[in-house]
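Indexing begins at 1, ligand by ligand and atom by atom, following the structure's order.
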Amino acid sequence: MAAIRTTDLTKRYGSHTAVSELNLTVNAGEVYGFLGPNGAGKSTTIGMLLSYIYPTEGTARVFGTDVHDEPVATKRRVGVLPESCQLYDRLSGRKHLQFAIDAMDVDDDPDTLIDRVGLEPDAARRPVGEYSTGMKQRLKIAVTLVGEPELLVLDEPSSGLDPAGIQLLREIVLEERDRGAAVFFSSHILEQVEAVCDRIGILVDGRLRTSGDIEVLKSDTGPAVELDIEVDTLPPELVTALESIDAVTACAATANGSGSSTPAVTVSLSTGSAKAEILRTVEEYATIEDFAAEEPSLESLFDEQVAEAKR
Ligand SMILES: Nc1ncnc2c1ncn2[C@@H]1O[C@H](COP(=O)(O)OP(=O)(O)OP(=O)(O)O)[C@@H](O)[C@H]1O
């Protein structure tokens, strides 16, 4: 059974459609990256998944149950890290955790959770009012993990974390996935999404523009590799030889490469494994002065989807 399944989920505010006919599925044991530019409708979607925003049309199901029919029962199965969440300055981190453990009526050990998110035991006993932004975020992550939720909904989870904290978050997300939890990971930071997510969806102006396996989506955006090779000379036979290689999908020669006075040849490949063969072939006809290889990135996929939506 899917951890999350939305069907034609729609939210309108007056004449403005914040989320439009959203159909997405997130399975147990996977990390789903939910991406979109500012104002795309990510928070509104999360609000509908967590039942604090009522959809105008469509349904949001968590583990098969409509979240608006049984909000309390579904919330028990979900750990939520909201973008903004209230902590109490006078309460220690440890007390926050104990409070969450008691509220959920589970027997988690607060010290294990404190250790897991890298908070010092002494710091965990100090009032949260004395915490840095990163320490607060670590505490919020610990609270999210209470009760081993079957679904984690993480909204900008790396907010305020330093590089070590980001690395730790990545490890925790992957551990949770390996434990069998589904993770819904909403973020603007594409590098972090790419590091942990199995599948992604890109939302623009309330519409899901694309959804699927990251590698498959990236390969759909263009050639597997584009090689830009600067050479000392550019005989026509070089281009003919390159075009005869199976993996070459396009080949263009320019007298002056990348703005310099050096001739260059740009070769698009259907597979990265042909790179060495291309370089060897070029060397039969010319001396390579410099070269660069460009592979499709999540950033180029994201930019393309946003640009297409705005056309
Ligand atoms: N309560 C509301 N009333 C009217 N419009 C709203 C309301 N909440 C959100 N919107 C609008 O709906 C759209 C989607 O907003 P939402 O906050 O879901 O986007 P987001 O993808 O989370 O953005 P960000 O990345 O900036 O947090 C925006 O145009 C926003 O102005």
Discussion item. Counting only heavy atoms, tell me which of Ile46, Thr44, Asp155, Leu35 gets closest to atom 16 (P) of ligand 1.
Written reply: Thr44
Worksheet entry | Among Ser187, Gly39, Ser43, closest by any non-hydrogen atom to atom 14 (C) of ligand 1 | Gly39
Discussion item. List ligand 1 atoms under 4.0 Å from His188, heavy atoms only on the residue side.
Written reply: 25 (O)
Discussion item. Test side-chain hydrogen bond (donor to acceptor under 3.5 Å, both in side chains) on Ser158 and Gln192; report intermediate values, then the result.
Written reply: CA-CA 9 Å; Ser158 63; Gln192 287 168 23; 2.6 Å; yes
Discussion item. Are any of the N/O atoms on Gly41, whether in the backbone or the side chain, positioned under 3.5 angstrom from an N/O atom of ligand 1?
Written reply: yes
Worksheet item: Any Lys/Arg nitrogen of Lys218 or Glu215 sitting under 4.0 Å from an Asp/Glu carboxylate oxygen of the other?
Response: yes
Discussion item. I want to confirm something. Looking only at heavy atoms, which of His16, Lys11, Lys42 is nearest to atom 21 (O) of ligand 1?
Written reply: Lys42
Worksheet entry | Qualifying residue for side-chain contact (heavy atoms from CB on, under 4.5 Å) with Val143, from Val117, Leu87, Leu81, Leu97 | Leu97
Worksheet item: For ligand 1, which atoms, with element, lie under 4.0 Å from some heavy atom of Ala40?
Response: 19 (O), 20 (P), 21 (O)
Discussion item. Classify the ring geometry of Phe184 against Phe34: parallel below 30°, tilted from 30° to 60°, perpendicular beyond 60°.
Written reply: tilted
Discussion item. If we check side chain to side chain donor-acceptor pair (under 3.5 Å) with Asn23, which of these qualifies: Asp8, Thr7, Thr6?
Written reply: Asp8
